[in-house]
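Structure, as structure tokens:
Basis for what follows: all heavy atoms, side chains included, without hydrogens, waters or symmetry-related copies. Numbers restart at 1 for each chain; the letters A, B, ... are given by sequence-line order, proteins then strands.
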2 protein chains.
Amino acid sequence: MTIHDVAKLAGVSVATVSRVVNENKRVAEKTRTRVEWAISELNYAPSVLGRNLRTSKSNLLLVLLPSISNPFYTEIINGIEDTAIARGYNILLCETDSNPKREAIYFNLLRNRLAEGIISMDPSVNKNKLLELAESYPVVQCSEYDTESPIPYVTIDNEQAAYDAVTHLIESGHRKIALINSDERFLYARQRQNGYEKAMQKHGLPIRDEWVYNAEHLRFGAGQKAIRTLLQLHDRPSAVFAVSDVYAIGALKEIHRLGKKVPEDIAIIGFDKITFSDMAFPTLSTIAQPMYEMGCISAEMIMDEISGVNVNSRVLEHKLIKRDST
Amino acid sequence: MTIHDVAKLAGVSVATVSRVVNENKRVAEKTRTRVEWAISELNYAPSVLGRNLRTSKSNLLLVLLPSISNPFYTEIINGIEDTAIARGYNILLCETDSNPKREAIYFNLLRNRLAEGIISMDPSVNKNKLLELAESYPVVQCSEYDTESPIPYVTIDNEQAAYDAVTHLIESGHRKIALINSDERFLYARQRQNGYEKAMQKHGLPIRDEWVYNAEHLRFGAGQKAIRTLLQLHDRPSAVFAVSDVYAIGALKEIHRLGKKVPEDIAIIGFDKITFSDMAFPTLSTIAQPMYEMGCISAEMIMDEISGVNVNSRVLEHKLIKRDST
DNA sequence: ACGATGAATGAAAACGTTTACAAAAAGAAA
DNA sequence: TTTCTTTTTGTAAACGTTTTCATTCATCGT
């Protein structure tokens, strides 16, 4: 089952077999067919290990993400995968759970040359470690990025997108608008909060601390808890901007459970346009991110980087989707 | 950055460095510290490639799944990943899109010894190819399996589960019950249809061909389309059993859009208990599969197989979850 | 002081490829 | 035929590890 067995059976040298396998021109038709016969006879497939060791090419890409459960990431992954496969690469999906120990394992996979590059979507990744890694290996950031590092990224204009979302609420007549945000160590969280604040200020509306809620994890339950807190306030908001559809959908459900109506009693707008946002009741207004495209572009970028081509960061377009929840 | 560099810097042989790295007892304290110093000095990490070539161990598991977008799979993956990591393995997530060409690529990854085993969740996988692969390499099937092959699997009793779901509808007073099924080349689809038919027969209820709808893909839209078709029937069903929460949620949405009420006008029960099912309106009754556990067990099984331990197939418990849609 | 014992270390082979270089074979031109 | 090209093939080194076996070096009992 090694190249030697094939060579012996075909009565040629290993070099010739290797040439046949790698479709080198320099091999006579007659020998080629005999080798090909031997290969299929023995059901031989070259060892990636041996090959990689020699060529240091694994055709593997690392994709780092905090959690596979968030539909936002799955769409991006689809884009990455399609693009990578088209260029002969496969992806190694790595869920970090925002756990630095796991991150370290995956980083080593790159340093060990098991993979040729990393696409990082993990916001909580150790900035310095990533930067250090990027000095020696191809790294691309997707969605989440480090403002002052030179690592290329692909993202949207989070601040503007949040501004647009909140402006939409204001234009629908709302003046008391709450924010359900995620952890502020995420860059997107800070950027979207900025957008929220700018929109409010621009229209002369007050920002009240109690209207800004920070959720602890990215699950529906966090959205439910958030809205319960907000609805208990003495001075209740009439609309909510949630930085993730997941929060928004949780909120939607909870409001309904409490016997209130969306958008009459309280309006909600989310962020991401995950597929489920259209299945919620009522359908969720949201900011669409071009997730599939983000995946495609980051895959292109990392593969370009690997092959030595220079790449530039990209900021893609978002889009306001007006549906029934506002 | 190779073991040789470390050896030179530490003034020892490569063998000694290897021993230190692999935590072999047989190395004097003094040398050990010097080697460790050299390692951190050079920021050395052993090459997986070189190591694997020598030991033919990659500590990588292949996970084959048709689509990453289905939340059903993501939960299983969580289980696999946690278990694998705990035993020092990493997983290579492979989305096949039910494309035989992609499957072939991933199978080769195994034959190439890049991965040590496969957990296949892909129902449409080429049975013969998989069987052939299983003769030489560790393979485990999760959720979907081949009835007559000897490849071990972990699953639930789909027929019984479907039987339970339909019986629940019958006991709620329904007599005209439709089935939204997926493609019949999936084993689970056939098994659940059997369960549906058995339950109907058991209670002396008629099974009408037009009440059995086969969806073409596993997205919300397919559920919406299905229910539209069913509602247009002359003799309309009063309840629907969908073999996937995804269909059920699509149906729920569409019924609501058409101005009808669940469960008054039509009751719905799904399958899987994906996290969304609790966010739908109304909340979806469903059959809970122990997805996380299925993932854990299949990971244990494949790692056992790899280390030569004999494994047995497992059939896990399901559970009927009664919520507002029935 | 002297083997005998056991612990620590090193030299070198092996894993399965690719590829530079050398060698051989085949054709072409004389 | 002979010589020169060109094409095809083979040999062997290299990639970065692990591990067997041999060797060196302490330690200890006598």
Side-chain angles (χ1 to χ4, degrees), chain A residues 1-39 42-60 88 108-116 136-137, chain B residues 1-39 42-60 88 108-116 136-137:
Chain A
M1 351 145 143
T2 84
I3 200 171
H4 287 97
D5 302 321
V6 179
K8 198 186 292 175
L9 181 60
V12 297
S13 74
V14 293
T16 304
V17 178
S18 175
R19 277 189 275 259
V20 171
V21 169
N22 296 293
E23 293 175 340
N24 190 311
K25 320 282 144 205
R26 293 302 168 89
V27 44
E29 203 46 43
K30 216 175 58 181
T31 18
R32 155 163 287 126
T33 52
R34 202 166 66 252
V35 170
E36 275 164 354
W37 165 80
I39 287 176
L42 294 175
N43 201 12
Y44 164 78
S47 154
V48 190
L49 261 28
R51 173 177 291 171
N52 292 356
L53 181 55
R54 183 58 218 258
T55 61
S56 27
K57 273 204 71 65
S58 65
N59 280 36
L60 240 38
N108 265 347
L109 253 33
L110 185 60
R111 300 175 57 218
N112 292 337
R113 317 234 64 129
L114 212 214
E116 299 181 31
S136 320
Y137 305 93
Chain B
M1 353 148 142
T2 84
I3 200 173
H4 288 98
D5 302 321
V6 179
K8 197 185 295 178
L9 181 61
V12 298
S13 74
V14 293
T16 304
V17 178
S18 176
R19 278 189 273 258
V20 171
V21 169
N22 296 294
E23 293 175 340
N24 190 312
K25 322 278 144 207
R26 294 302 168 93
V27 45
E29 204 46 42
K30 215 175 59 181
T31 17
R32 154 164 287 126
T33 51
R34 202 164 66 252
V35 170
E36 275 163 354
W37 165 80
I39 286 176
L42 294 176
N43 201 13
Y44 164 79
S47 156
V48 189
L49 262 26
R51 171 176 294 172
N52 292 357
L53 182 57
R54 183 58 218 258
T55 60
S56 12
K57 274 203 69 65
S58 65
N59 280 35
L60 239 39
N108 265 347
L109 253 34
L110 184 60
R111 299 177 55 217
N112 291 337
R113 318 234 64 129
L114 212 215
E116 298 181 31
S136 320
Y137 305 93

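Note that CD of B/E23 and CZ of B/R32 are 7.5 Å apart. Values are rounded to the nearest 0.5 Å. Here the CG-OG1 distance, from A/N22 to A/T55, works out to 9.0 Å after rounding to the nearest 0.5 Å. Residue A/N52 holds its CG atom at 10.0 Å from CG of B/L53, rounded to the nearest 0.5 Å. Here the straight-line distance linking atom CZ of B/R113 with atom NZ of B/K57 works out to 10.0 Å at 0.5 Å rounding. With values rounded to the nearest 0.5 angstrom, B/L42 atom CG is found 12.0 Å from B/I3 atom CD1. Remark: B/T16 OG1 to B/R26 CZ distance equals 13.5 Å, nearest 0.5 Å.
Rounded to an integer number of Å, the gap from CG of B/L49 to P of C/dT17 is 13 Å. Residue A/I3 contributes atom CD1, which lies 14 Å from atom P of D/dT11 at whole-angstrom precision. The nearest whole Å value for the distance from the CZ atom in B/R32 to the P atom in C/dA7 is 15 Å. Distance NE2 (B/H4) to P (C/dG10): 13 Å, rounded to an integer number of Å. Protein atom CZ of B/R51 is 19 Å distant from nucleotide atom P of D/dC15, rounded to whole Å. Between B/R113 atom CZ and C/dT17 atom P there is a gap of 11 Å when expressed in whole angstrom units. What separates CG of B/L53 from C1' of C/dA13 is a distance of 13 Å, to the nearest Å. For the pair A/D5 CG and C/dC15 C1', the interatomic distance rounds to 13 Å; values are reported in whole Å.
Within 4.0 Å (heavy atoms only), A/V12 reaches sugar-phosphate atoms of the nucleic acid but no base atom. In this structure, B/S56 reaches neither bases nor backbone, as no heavy-atom distance under 4.0 Å exists between it and the strands shown.
Under the rule for a side-chain contact (heavy atoms from CB on, under 4.5 Å), the partners of B/A28 that lie at least two apart in sequence or sit in another chain are B/T31.
Mapped onto DNA chain C by nearest heavy atom, B/K30 and A/G50 fall at different nucleotides, with B/K30 at the one closer to the 5' end.
Here C/dG16 is the nucleotide among D/dG10, C/dG16, D/dT17 with the atom lying nearest to any side-chain atom of A/S47. Comparing D/dT7, C/dT17, D/dT17 by their nearest atom to the side chain of A/R26 picks out D/dT7. For A/T2, the side-chain atoms get nearest to C/dT17 when compared with the rest of C/dA8, C/dT17, D/dT7. Considering only the side chain of B/A28, C/dT9 comes nearest among C/dT9, C/dT17, D/dT9.
For the contact set between residues 13-23 of chain A and DNA chain C, defined by any heavy atom under 4.0 Å, the members are A/A15, A/S18, A/N22.
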